[in-house]
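Just so you know, these numbers come straight off a predicted model, no measurement behind them.
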Amino acid sequence: MPKGSLNVSLKGADDIFSTEESRQEQQREQVQQIPIGELFPFKNHPFKVLDDESMQRTVESVEQYGVLSPLIARPRPEGGYEIISGHRRQHAAQLAGLDTLPVIVRQMDDDAAVLLMVDSNLQRENILPSERAFAYKMKLEALKNQGARSDLTSGQFGPKLRSDEQVALDAGESRKQVQRFIRLTNLMPELLDMVDEKKIAFNPAVELSYLDESQQRDFLEAMNDTQNAPSLSQAQRLKKLAQEGHFSYDVAFAVMGEEKKDELDKVVIKNDTLRKYFPRSFTPKQMEDTIIKLLDQWQRKQQRQNER
């Protein structure tokens with residue numbers, strides 16, 4: 001052997017290609033069939049999974065075609081898998097009686113999982129204010145935890161964005177609007193439910209979020225007793241009164257009991273007064289319809305008496 005030559009062992013072509021193939025196979029994410037009982041919801045998942053008409057349609061689709069789009073999940077330290085994307089599909093599969101689901105298992109840290117979970121759900125058409133509020137908050141905290149790294153918050157040559165700016169950019173919102181949504185997470189659950197149900201408008205709700213829990217409970221009682229939804233100006237005054245240390249139930253009742261320009265002819269009957277005449281299962285709309293029907297009957301009776 002000539003001096004200085006190298007003792008190199010060359011692999012055959014089959015070895016080279018099989019090694020490359022196995023390497024790609026390891027890197028490629030595989031769809032696995034995971035037992036439905038081993039799939040658990042994401043911790044503090046902000047999006048509600050409701051048994052509504054949309055869910056029923058999803059169940060019917062799953063019964064007919066199965067789950068066509070795989071879920072994304074990550075292994076849990078205590079066993080099983082935490083769903084990152086696909087909570088509605090998993091619930092529909094449960095209702096449809098499926099035993100397993102197609103799942104892409106992905107290793108992800110907490111912050112990366114939050115970002116993917118939020119972004120995949122924000123693509124839905126109908127999102128409740130409470131869902132958007134907690135989703136924005138979770139994403140903002142995840143970006144802050146990651147230090148708002150430039151690879152996550154800007155292009156290679158662009159300026160690095162603030163975390164709230166990135167949340168706003170991804171959501172197609174202004175930074176101020178994102179901050180206002182996040183304010184809603186300070187509302188007590190009963191008030192936040194009213195925002196979702198459109199019983200309290202978004203802008204007044206933001207102002208009410210500055211009240212502490214005790215003040216919010218007093219406000220809720222005053223709102224129920226006056227049967228009035230807060231206007232923006234009323235909510236702003238209540239916020240200012242709270243900041244000045246002058247807030248109380250009586251103050252909230254006085255503010256909420258004020259006549260609005262468009263309600264000068266409104267008659268207010270306390271909720272407790274009405275409830276004793278109706279079954280507990282009656283909704284406010286059913287109560288209203290019944291009252292109108294009875295008034296119509298009374299009016300016709302009065303007219304007959306006057307014609308005699």
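Taking CD of E288 as the reference point, atom CZ of F278 lies at 10.5 Å (rounded to 0.5 Å). The structure places CE of M138 at 5.5 Å from CG of N44, a figure rounded to the nearest 0.5 Å. From F181, atom CZ reaches atom CG of L140 across 14.5 Å, with rounding to the nearest 0.5 Å. Between the CD atom in Q297 and the CZ atom in R300 there is a gap of 6.0 Å [rounded to 0.5 Å]. Between the OG atom in S248 and the CZ atom in F219 there is a gap of 14.0 Å [rounded to 0.5 Å].
Environment of CD in E213: sparse, with no more than 12 heavy atoms of neighbouring residues, nucleotides or ligands closer than 6.0 Å. Surrounding OH of Y277 are at most 12 heavy atoms belonging to other residues, nucleotides or ligands under 6.0 Å away. Counted within 6.0 Å of CD on E197, heavy atoms from surrounding residues, nucleotides or ligands total more than 12; the atom is thus considered enclosed. Around the CG atom of N126, the shell of radius 6.0 Å holds no more than 12 heavy atoms that belong to other residues, nucleotides or ligands.
Under the 3.5 Å distance criterion, the side-chain polar atoms of Q94 are left unmatched by any main-chain donor or acceptor of I36. Using modelled atom types, one side-chain atom of R74 and one backbone atom of M108 make a donor-acceptor pair closer than 3.5 Å. Counting only distance, with no hydrogens or angles, the side chain of S61 and the backbone of R57 share no donor-acceptor pair below 3.5 Å. With E131 contributing its side chain and K48 its backbone, the two residues share a donor-acceptor pair below 3.5 Å. Although no hydrogens or angles enter the test, the distance criterion places no donor-acceptor pair under 3.5 Å between the side chain of E207 and the main chain of A235.
For R237 and Q234, the side-chain atoms include no donor-acceptor pair closer than 3.5 Å. For the 3.5 Å distance criterion, the side chains of Q123 and D119 fail to qualify, holding no donor opposite an acceptor.
Minimum interatomic distance between L116 and R106 (heavy atoms only, all atoms of both residues): CD2-NH1, 3.5 Å. The minimum heavy-atom distance linking D196 with P129 is given by the pair OD1-CD, 3.2 Å. Between A113 and F42, the shortest heavy-atom distance links the atoms CB-CE1, 3.7 Å. In plain terms, the two heavy atoms of R162 and E165 that are nearest each other are N-OE1, 2.9 Å. The shortest non-hydrogen separation linking M256 to L238 is SD-CD1, 4.4 Å. Closest approach of V195 to A205, counting heavy atoms only: CG2-CB, 3.6 Å.
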* Taking it one step at a time, do E141 and N145 satisfy side-chain hydrogen bond (donor to acceptor under 3.5 Å, both in side chains)? -> CA-CA 6 Å; E141 291 175 350; N145 289 341; over 6 Å; no
* CA sep, side-chain torsions, deciding dist, call: R217, E221, salt bridge (Lys or Arg N to Asp or Glu O under 4.0 Å) -> CA-CA 6 Å; R217 293 197 177 280; E221 184 177 354; over 6 Å; no
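Cluster membership for L71 and Y81, using ILVMFWY side-chain heavy atoms within less than 4.5 angstrom, is shared. Cluster annotation: I34 is not connected to M117 through the hydrophobic network of ILVMFWY side chains, with a link wherever side-chain heavy atoms come within less than 4.5 Å. Under a hydrophobic-cluster definition in which Ile, Leu, Val, Met, Phe, Trp and Tyr are linked whenever side-chain heavy atoms come within less than 4.5 Å, directly or via other members, L128 and F47 are assigned to different clusters.
The aromatic rings of H87 and H45 sit parallel, their planes meeting at an angle under 30°, below the 60° perpendicular limit.
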